[in-house]
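One structure is given below, encoded as structure tokens.
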Amino acid sequence: TQQDRAVRANGKTTMKVINSSNVRAMQRLLNRAQATDSVIEGQVAQIVNRVRRRGDRALQEYAKRFDKVTGPLEISRREMRNGAKRTPPAVTRALKEAARHIRRVAEKQVPKTWRTTTVRGVLVEQRVMPLERVGCYVPGGRYPLPSSLLMTAIPARVAGVREIIAACPRPEPAVLTAALEAGVSKLYRVGGAHIIAAFAYGTESVPKVEKIVGPGNAYVSAAKTTVAADCPIDFYAGPTEIVIVARNGNADWIASDLVAQAEHDPAARAILLTPNFELAKAVASAVDARLVEHQAARASIEQHGVAVVTTTLDEAITLSNDLAPEHVVCETEAVARQLTRSGTVFVGPYGAQAAGDYATGSNHVLPTNGAARFRGGLSAADFVRINSVQRVTREGLKRLAPTTISLANIEGLIAHAAS
């Protein structure tokens, strides 16, 4: 049977091949419980509390200890410009091109102001106002991530945010170039939980922001969660994930997408959902071939790489929606219309997920860990406040009075009715 073949194949490749009827394996796959590290949470709580109480004194101590900063925390405009000159011309051109695409998409995302009359004499208006100041976190990690600065700062600037404060523990020349291109107001050479605390509560040198956005490591994510009650955040950023839903396709190309996403993090999830057992085997073998050159992805594939053989394509689509992953890749428009729960969907054989990470213009700061059940990726709409203005004339109030009084009385709010 198909299940027997899948079981025999399991273990022959680094990427596991399982059947969707394997209940225990499917439960593990669909378990979206976010593991927490009590040690990290305790350390982060202490850091946040100290920065909140002691301001710059604590921030500078942590910056010296964790980020090896001995000079000023803030990077001057002159230093940004000098650093940008060291960026290779090809990289500068790529950053400018990516910025244009991100800006073009963001301009479509800003909510609109409108007015409508509900009854004669009653006018309701929606007002859209940008946040005053936001904080953008740019991970340092093994490599600089200038693309993350573009993806967070440009939508904020397009939305009309007046002051954009950014921080990066390793501000390489490419990051400095991206900061200038995105219109960052201030940039700090600091990372970790301590700068998140500074963003949330303010210090003598770091102004308090109205929202914190951007991905980061476990300490940054824990800090964002810690301060979220006092300062809004975009969302909790867990390990990255890709799901590919396919009946057919080029096994080498599919494997390439899976390995590309897996190289981010040992906890990254790379999943193929297919009713085609032969494709599942071919992709698993192709993944092994790619791991020879891309060893950074091996730990992720070994722990979280899996090809699930489903009974039908519809079952694969249902499983993808149950997972609500960060990225989904599929073959056709018909399938894309059914993939309703994901951070972003790539359609067609040339929909390389890496293109979305850098160049399509769609934002790569996306919900993970099943959060795509209730929201999409970061957009210009995340950087505005929306409120309503209600204008009621004498005639309008007279028309609304019977409805207002009846509903107030049925809810027992007599003073409402009397007013």
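The basis for the numbers below is simple: all heavy atoms, side chains too, and nothing from hydrogens, waters or symmetry mates. Note that the structure is predicted; figures quoted are calculated from it, not measured.
- Closest heavy-atom contact between Gly214 and Thr152: CA-CG2, 3.9 Å.
- Rounding to the nearest 0.5 Å places CD1 of Ile102 at 14.5 Å from CZ of Arg157.
- Scanning all heavy atoms of the two residues, the minimum distance from Ala372 to Gly343 falls at CB-N, 3.6 Å.
- In this structure, NE2 on His327 lies 7.0 Å from OG1 on Thr344, to the nearest 0.5 angstrom.
- Remark: the backbone N or O of Ser20 is not paired with any side-chain donor or acceptor of Thr310 at under 3.5 angstrom.
- Side chain of Glu315 to main chain of Thr311: a donor-acceptor pair is present (N/O by atom type, distance under 3.5 Å, no hydrogens or angles).
- With a 4.5 Å cut-off on side-chain heavy atoms, Val209 and Glu163 do not count as touching.
- Arg133 places a side-chain N or O within 3.5 Å of a backbone atom of Lys208 that can act as its donor or acceptor partner.
- Glu241 places a side-chain N or O within donor-acceptor distance of the main-chain N or O of Asn369, the cut-off being under 3.5 Å.
- Between the side chains of Thr240 and Gln261, a donor-acceptor pair is found at a separation under 3.5 Å.
- Side chain of His101 to backbone of Gly361: no donor-acceptor contact under 3.5 angstrom is found.
- Interatomic distance, Gln60 CD to Glu204 CD, rounded to the nearest 0.5 Å: 8.0 Å.
- A donor-acceptor distance shorter than 3.5 angstrom exists from the side chain of Asp382 to the backbone of Ser379, with no hydrogens or angles considered.
- The minimum heavy-atom distance linking Arg290 with Asp252 is given by the pair NE-O, 3.5 Å.
- In terms of modelled atom types and a separation under 3.5 Å, the side chain of Arg375 and the main chain of Gly377 share a donor-acceptor contact.
- Between the CD1 atom in Ile47 and the CD atom in Glu61 there is a gap of 11.5 Å [rounded to 0.5 Å].
- Contact of the Pro146 side chain with the Leu95 side chain is registered, since non-hydrogen atoms from C-beta on lie closer than 4.5 Å.
- Looking at Arg247 and Glu331, no side-chain N of the basic residue comes within less than 4.0 Å of a carboxylate O on the acidic one, giving no salt bridge.
- With a 6.0 Å radius and a threshold of 12 heavy atoms from other residues, nucleotides or ligands, Arg53 has its CZ atom above the threshold.
- Val184 has its side chain out of reach of Cys136: every pair of non-hydrogen atoms, C-beta onward, lies at least 4.5 Å apart.
- Looking only at side-chain heavy atoms (C-beta outward), Gln109 and Val158 stay at 4.5 Å or farther from each other.
- The two residues Val48 and Ala197 have their closest heavy-atom pair at CA-CB, 3.8 Å.
- With rounding to the nearest 0.5 angstrom, the NZ atom of Lys16 is 8.0 Å from the NE2 atom of His304.
- Between the side chains of Ser21 and Asn19, at least one donor N or O lies within less than 3.5 Å of an accepting N or O.
- Around the CD atom of Gln295, the shell of radius 6.0 Å holds more than 12 heavy atoms that belong to other residues, nucleotides or ligands.
- Counting all heavy atoms, side chain and backbone alike, Pro173 lies closest to Thr87 at O-OG1, 3.0 Å.
- Within the 3.5 Å criterion, the main-chain N or O of Gly370 finds a donor-acceptor partner in the side chain of Arg373.
- Using modelled atom types, one side-chain atom of Arg341 and one backbone atom of Asn321 make a donor-acceptor pair closer than 3.5 Å.
- The local environment of CZ in Phe66 is crowded, with over 12 non-hydrogen atoms from other residues, nucleotides or ligands closer than 6.0 Å.
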Report the C-alpha separation of Ser205 and Asp56 in whole Å, then their side-chain angles, then the decisive distance to 0.1 Å, and conclude whether the side chain to side chain donor-acceptor pair (under 3.5 Å) test is met. CA-CA 7 Å; Ser205 62; Asp56 267 0; 2.8 Å; yes
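- Shortest non-hydrogen contact noted between Pro232 and Glu210 is CD-O, 3.3 Å.
- Residue Ile242 holds its CD1 atom at 4.5 Å from CG of Asp257, rounded to the nearest 0.5 Å.
- The closest donor-acceptor contact from the side chain of Glu333 to the backbone of Val347 lies at 3.5 Å or more, if one exists at all.
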